[in-house]
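Here the structure comes first, spelled out in structure tokens, and everything after it is commentary.
All figures in this text were calculated on a predicted structure; none of them were measured in a lab. By convention in this document, chain letters (A, B, ...) are assigned in the order of the sequence lines, proteins followed by strands, and residues within each chain are numbered from 1.
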Protein chains: 2
Amino acid sequence: MRILKYHVTAKDVAKLAGVSQSSVSRVYFEGASVSNKTREKVLAAAKELGYRPNEFARSLITNRTKIIGLVMKGIHNPFYPEVLKQFTTAFNKLGYSILFVSTNNDEIQKEDIDMLRNYNVAGVIITDASLSLNVTEDFKENQVPLVLFNRKIDNDQFYSVCCNNLDASEKIAKYLIEKGCSKVAYIAGNANTSTSRDREKGFTSIIEKNNVTLNKYTSDYTYEGGYKTAKKIIAEKEVPEGIFVANDIMALGVVDALRENSIMIPAETKIVGFDNIEMASWPTYNLTTWEQPITKMVEQTVNYLMTEMVEFSGYTESVEVNGALIVRKTT
Amino acid sequence: MRILKYHVTAKDVAKLAGVSQSSVSRVYFEGASVSNKTREKVLAAAKELGYRPNEFARSLITNRTKIIGLVMKGIHNPFYPEVLKQFTTAFNKLGYSILFVSTNNDEIQKEDIDMLRNYNVAGVIITDASLSLNVTEDFKENQVPLVLFNRKIDNDQFYSVCCNNLDASEKIAKYLIEKGCSKVAYIAGNANTSTSRDREKGFTSIIEKNNVTLNKYTSDYTYEGGYKTAKKIIAEKEVPEGIFVANDIMALGVVDALRENSIMIPAETKIVGFDNIEMASWPTYNLTTWEQPITKMVEQTVNYLMTEMVEFSGYTESVEVNGALIVRKTT
DNA sequence: CTGAAAGCGCTTACAG
DNA sequence: CTGAAAGCGCTTACAG
């Protein structure tokens, strides 16, 4: 056993303040009614003793915590550290803490979920990973609100927050056509992600309507993936006039590969990415891309969770937040 | 109030297994002695009911959790997402969860610490930020082990894990001299970080011994900072033959700025970074750098915390883990 | 508004 | 090894 500094409890505060322990509790419990006089006495005593309510005793009774579980897979994509930072800042301001879980698999594992269940998290955000229904039954049964961030699942079992991927990719297609491309390519991210599928769908629909030649390649949302795919395209001899790459980090790999082979961007080939990560604006790359409105997406997620945490409704919707095309020098 | 699914407790398991609640508790508490017969009965009953010990009730008594607080500031530097991922993976494997705190200030704030104290974390890792002594008194008093990761503080009040910054920067200096540089520059990161100071100290000592001209610049460990500092250096007309940049992300900014001004790397100027982030190996950059041994640094931190969490000793030391020079095409 | 008391789900001496 | 009981620090009906 550790020998600990004397732990200040509500009882100690009560004694010093000359009130009951219940009254101390009421001062720290939102919504309870206490007279100003009692409140002042309690707060003064609490300050003197350095009292802080024990979150665990609290959670034991209320069966609630102020912990948000955040599950993230692709921390290597610079898009996600920014997302993490914004979520942490937003929730910390609201008095909530972030329990961070990094999953290695495309699909979230039972262990990852168990970690969150063990700590009885008040809400869950899953970014960048899919999940099977049975894994989340626990959350539903316990009325823990859940948001899929930057991913959606076709059935309407989940609340999801995404960028307007379909519309965005249609606009990107139109933009490349306007720029005069008569032969284009799409480089997909992981095939099992909704983002890659939606971006492919929107892009393809417009391209096909305009009788532009389209080649599709599958990659994996990494720099190396983009680089290798571009090398493959180059090896096929007929480099397309425009390439829409499903995310920025892959697009940077594509740019580097084309440069190594002295293919001029944008003169010979135009490149468009997706995300608008910081590096896209670096002078070396100056990548034309679609900006994902992270701040708005985070806001939307936080608002939903906060509402559902106050009173669980189980409401689900696929929310799409509008981004915008950022034109730089690769087109 | 939420209407919750019936919560399975140790009592329920005890009833089904035909043993006392204490016995159920003993099965789940490491170190307690239970007969195999009892254990089997309990585990069977627990499985049938889907029992999971309540962490909060547990923590209330033991005054311990399986939560590690991880404080991070510079998540924008790609070095840190990798650190975060490795810590999360390592601790999850050991059954510990990560409470993530992102601080915005160079110095950790009282609020950040309060967040960790509220959840009675078992251990704390602080990366990339400094902290004043008074803020951490709470941890000491409560015997919560603490590690400074990639930062150290001159007094020996803290256990810290760093790369061998001093030795590394001496070697980098020697390397640049060997390569024939007779005029060099050092671009510092945030002046109040131990990493930047140590790297400057080691580099300077060797450079001065060899009568090589040295100019020093202060920047801020960001890409933009590196970029702007390089522009300033260029404006001074006499671009040094070698530049040691205190971290990679700044070094990439330096490389981009020099390229924009058509200064040949490494022919006219050689660049050495520090960290060996993923991007340093990208073909566009191919940056010579010092590899920070993240895996070993994480291991060292985890081992220390695990030991101190079992039995707190308060032992402190400044541990330095050896990295290595990675020669690429900027030198 | 306030206090006394029950109880959340565990761990842990204490007997046996 | 095992059970009955006390107690961790709170919240929350229940009276007053």
In terms of heavy-atom contacts, Asn150(A) and Thr195(A) come closest through O-CG2, 3.2 Å
Can you name the closest pair of heavy atoms from Ile75(B) and Tyr80(B) and give their distance?
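Answer, listing the atom of Ile75(B) first, then Tyr80(B): CA-CB, 4.3 Å.
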Can you give me the N/O atom pairs linking the protein to nucleotides 6-10 of chain C at distances under 3.5 Å, or say none if there are none?
unit_1  : atom_1 : unit_2   : atom_2 : d
dC10(C) : OP1    : Tyr51(B) : OH     : 3.1
dC10(C) : OP1    : Asn54(B) : N      : 3.3
dC10(C) : OP2    : Ala10(B) : N      : 3.0
dC10(C) : O5'    : Tyr51(B) : OH     : 3.4
dC10(C) : O5'    : Asn54(B) : N      : 3.3

The Watson-Crick or G-U wobble partner of dA13(C), with both key distances under 3.5 Å, is none
Does the structure show a Watson-Crick or G-U wobble partner for dA4(D), both distances under 3.5 Å? Name it, or say none.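 Here dA4(D) is not engaged in any pair, so there is no nucleotide opposite it.
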Are side-chain heavy atoms of [X] and [Y] found at a separation under 4.5 Å?
X         : Y         : result
Arg39(B)  : Arg26(B)  : no
Tyr96(B)  : Leu305(B) : no
Phe158(B) : Glu317(B) : no
Lys73(A)  : Ile126(A) : no

[atom1] of [X] versus [atom2] of [N]: gap in Å, rounded?
X        : N      : atom1 : atom2 : value
Lys15(A) : dG3(C) : NZ    : C1'   : 16 Å
Phe29(A) : dC1(C) : CZ    : C1'   : 16 Å
Asn36(B) : dC1(D) : CG    : P     : 10 Å

Return the polar atom pairs (N/O with N/O) between nucleotides 14-16 of chain D and the protein under 3.5 Å, or none.
none

* Phe149(B) and Phe87(B): aromatic ring centres closer than 6.0 Å? ->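 Yes - the distance between ring centres of Phe149(B) and Phe87(B) falls below the 6.0 Å cut-off.
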From the list Ile98(B), Ile67(B), Leu70(B), Val298(B), side chain to side chain contact (heavy atoms under 4.5 Å, CB included) with Phe91(B) holds only for Ile98(B)
Would you indicate what [X] reaches in the nucleic acid, counting non-hydrogen atoms under 4.0 angstrom: base, sugar-phosphate, or nothing?
X        : result
Ser22(A) : base
Thr38(B) : sugar-phosphate
Val19(A) : sugar-phosphate
Ser35(B) : sugar-phosphate

_I want to check one thing: is the phosphate of dT2(D), taken as OP1 and OP2, less than 4.0 Å away from some side-chain N or O of Ser20(B)?_
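Looking at the OP1 and OP2 atoms of dT2(D), neither is under 4.0 Å from any side-chain N or O of Ser20(B).
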Working to the nearest 0.5 Å, report the span between CD of Gln143(B) and CZ of Arg64(B).
->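 It is 8.5 Å, given to the nearest 0.5 Å.
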